[in-house]
Amino acid sequence: MPDVQALVNEFLNKLKKRKIEGSQATAKQTAELLRSVISQQRVPRTNQAGALIDAVRAIGEQLIVANPIELAVGNIVRRVLHIIREEDLSLTTAAVAELNLSTVSDDDDDGGGGDQDDRPVLSAAAVAAAARNTLRPPSLQMLLEGAPDFVAVPRSSSSGGDSEGKSKSMDRNSRTRKLKHDIIEAVNELIQDITTCHELIAEQAVEHIHQNEVILTLGSSKTVLEFLCAAKEKKRSFRVFVAEGAPRYQGHLLAKELVARGLQTTLITDSAVFAMISRVNMVIVGSHAVMANGGVIAPVGMNMVALAAQKHAVPFVVLAGSHKLCPLYPHNPEVLLNELRSPSELLDFGEFSDCLDFGSGDGSPLLHVVNPTFDYVPPKAVSLFITDTGGHNPSYMYRLIADYYSADDLVVQRRHAAGN
Amino acid sequence: MGAQKKGSSRVSEDAEELARNPLQAILLADSFTTKFRPITLERPKVLLPLVNVPMIDYTLAWLESAGVEEVFIFCCAHSRQVMDYLESSGWHKQPNFTVAMIESNNSISAGDALRLIYERNVIHGDFVLVSGDTVSNMSLTHAVKEHKERRKKDNNAVMTMVIKKSKPSPVIHQSRLGTDELFMAIDPDTKQLLCYEERGEHPRGAISLENSLLADNPSISLHNDKQASSFYMLRFSFLYMQIYGISIFNIDCYIDICSQEVLSLFTDNFDYQHLRRHFVKGLLVDDIMGYKIFTHEIHSSYAARIDNYRSYDTISKDIIQRWTYPFVPDVRFSANCTTKLEREGMYKAPEIQQSRSAHIGPFTVIGKGTRIGDDSRITHSVIGEGCTIGSNVSIVGSYIWNNVTIEDGCELRHAIVCDGVIIKAAATLEPGVVLSFKVVIGRGFVVPAYSKVSLFQQPTAQDSDEELEYADSSSGTIDPSIADAGNKLNGDIVSESSQMQDWSTSQLGPGGAGFIWSACDGGCEEEWRHSVAPIPTDQLAKALLAIEEDLEIVKVSDSALTPSGELEPGSDDDDSDNMDDSNVDTVDFEKEAEATFLRAAQDNIAVDDLILEMNSLRLSYNKSAGDCTGALFYPMMKLALESPHNTAVELQKNVASVVSKWHKLFEVLAKEVDDQIELIMKFEEMCLESTKEFAPIFSQILYLLYEREIIGEEAILRWDDERKDADESDRVFVKQSEKFIQWLREADEEED
């Protein structure tokens, strides 16, 4: 346990100091940290899922507070919580199915039961989805009492176990180990997903980029770079306009990379986007996060590009790995959507020191420099999301989110605020 | 994202390099000054909150993020408090970052501290030397790399100073950090520091760069960090900037990257006390050992040191305006609590109780658990944790620390209010007030501007020499009366209550507690420079005026330069000094010359001796012979005037006798035609202004001077030529001596 705490502290430090940049790296490291937390967590005999959820949630709270801007942290914490619930549920279903098997008859054998025994891990999600209907009917009593589901679920299973008597104790011991094992397997899969999300997204490039098209992008994003390069590799010939992305000018770097890979590239200023948009066939941009309503948090200047694209009916395509999908809505006051960085990115302090004089006048300078990092693009301005699971309409985002997250976990942060 | 990848890969590379030789840092948690008195009597400066976070946290967080792995914190004054804080703050628990304490009770300067650290033998390589009041977000890796590369080439490059460019507008500088004016000369090619002068040491701004220095470095650039009172030195920098076409002003960030030798140097030179004043200057002056200091200029990053209240104010505002990102209130870089940034730079911590009618203005930070009453207005201020602010309170540009109670109707403008202070209803703090810990301000009391209030009595005036700065900075040397007071205060309640009774007749209104400290050494006119309050407009106007005057002098002295703006080699000193003479020293010189002459006249000193004396005087003031004759002619004529006379004829006789007595003086001094013309002009001027008695006999005296061979024929003719085009009024004396000139010309022609 102590070494886990050390790991957590180290990661917290990195988050606090904003040392990890890029949501992919953050997501991956969060998942890896939570995996080690789960593997080190000792689980009680009963209600193992609850214990794991509590442990993950406690650490998740700290992580989210450490860097509230990086929504990927919260996303991954919620994904892991969701995985724990699903795995627990699938095991319970399996147990119930087994019960049914032994108590009722062998007629049901050709149903789900036999299958689950063979490879329960792989079909966990499918079984869970099936079990949701059979095992968890929306009970009014549960809603009123507000009892957390994870408590309710094992209780039903244990009652089932009790009815079976002591003969099942051996089986339950193995189940304990199995639950943890299954969860770690699933988290590994999640990490795998995060690592390969660029490739998965890039695979779809040929379907979207056509011969002799002109693509416009703003700033720099690894996903966009991979996407464009994948299309290039498939012998598509197209041109790219890169808006430089002030004030960090990451577009310059992207342009360099693109040229290095043999793509015809044109670098423009951010303010020239509207002038150039009429020649553009498609806008492809990266994002910082995708909110539950399909709105996009993206580097500053993106809304302007989206509006220009809308005006000229140019498709506005956003690339986002599934770890960027945030189950929260942008109007949620708990969500911190923007960060103001140092004004020195905009102007040199030395040159403007005479405008930033506090000693004269009434003690406040007339010049303020504001340097926000992000922009919000409303869902209606987005034509298409391309995630590692395929292309989606903004209005479809809520469905994806329902697949990835459990509704009970949305409040990780709020609980923290209340506890504080 | 690509850029970030690049950045991180670069960082990791550097990290590898650092891993081979872990970077160490020495943090001096004691400023060895008294600028923050009376607050620092009770709490060390490094623990004073800067935007609700102790200063030392900014420094440590920066060192940690800049890749420093081992920090030695040297503490002296209030070392117990510093240690306790570090224990509780969790800096010890950071991975890859060790914090070690070095405690001393008898160190009185940075020099002592470094000597002690040398004895401990803990520094094994290059190290970063900072003080615990530094706020920065610069990356050290580049500077350290530069330093190491230089070291490889030149073993004598022992130190790299970090400097920051700034706008060459002196008023701004003065109002920003309020520190001493600084003069740096840096070689633009090698970045070597050639000259470092602080204003305080040279009351008359007499800085002379050695000729050889300038000759060796034809493209030298001079950097002037202009902060304080006098604008005298500005001229130098302006002049040099014009010469070399470089105009850069710099701020010394007080961040140094040093090699191990620095510590041993301090040990070898046991009289080094001050880092800059003694050490840096010592190295620069000493050319036997040949140690060199280099500079590293930072551009986009931030670095500044809190030296006084004014820089405290400026740096607080820089933090609120996020120049120090990521060390800003809403990023949890230390143990600070979560703070949310709202519109217009308002930072709010959780659990604030704010009345709906209270107005919180822009660029304000409100700490956790603070209560704000109805109709209160707060702008451009920092409020600490757990404060209670009543209704109808107005707070502008102030720094309120933790657990302060401000009752209804108070007005605070540009003040610093420490922990536990109680300000009773309707009291007013005028700009620049500093209230130390637990002071109570009585009902309706108006604390006058720039006053400092403490529960401790002001230490009795000690020698105001420079040693004071070192001697009494640590708590160890506080005089016993203060320590007693402190014990009483921190001790049992009984003694406190007895003290409270004492306060009934306090200086701070009914129910007030505390002593108002009288203005410190600098005197009252210095107070505005270092306080948190903005500089009063009249002072600013004065400062501007002074600058304009200085600029004019520069313009005048510009004419001394060759048209191309280049100085001829070897004439550097002359020119800079001429410019110097032209305002202050000319007057001095003339007075001195007059006195010398009169003394000689009274004591009947031989002419030869007087010539000798005048020559030495001339050289010491670096004057030309022409200046000298001018200066001497006036007292001579005055002498003639003072001896009794009734008619012009008698006066003429007097003059004749005086001139005949001293003519040798002018023969020696006014050899050149130019000097002689100067003499005539001077005489002309005298006749017009100070000694009108000579006006009617101008031509006679001119003839006399000609006869005595003081003024040559050529000089008179040229004077006449010059006056030909002049106004009628200027030609009065030319006309008067027309005949004489005519005669001269005829004689000239005859000779031909």
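To find a chain, count down the sequence lines: A is the first, B the second, and so on, and within it residues start at 1.
Among residues two or more places apart in sequence or in another chain, the side-chain hydrogen bond (donor to acceptor under 3.5 Å, both in side chains) test is passed with A/S342 by A/S344. Considering only residues two or more places apart in sequence or on other chains, B/E342 meets the salt bridge (Lys or Arg N to Asp or Glu O under 4.0 Å) condition with B/K348.
How far CD of A/E345 is from CH2 of B/W323: 10.5 Å, rounded to the nearest 0.5 Å.
Contacts between A/L340 and chain B at a heavy-atom distance below 4.5 Å involve backbone atoms as well as side-chain atoms.
The side-chain heavy atoms of B/F363 and A/H368, taken from C-beta on, include a pair separated by under 4.5 Å.
Scanning both residues, B/Q321 and A/V369, for their nearest heavy atoms gives OE1-N, 4.4 Å. Contact detail for B/R322 and A/E339: the closest heavy-atom pair is NH2-CG, 4.4 Å.
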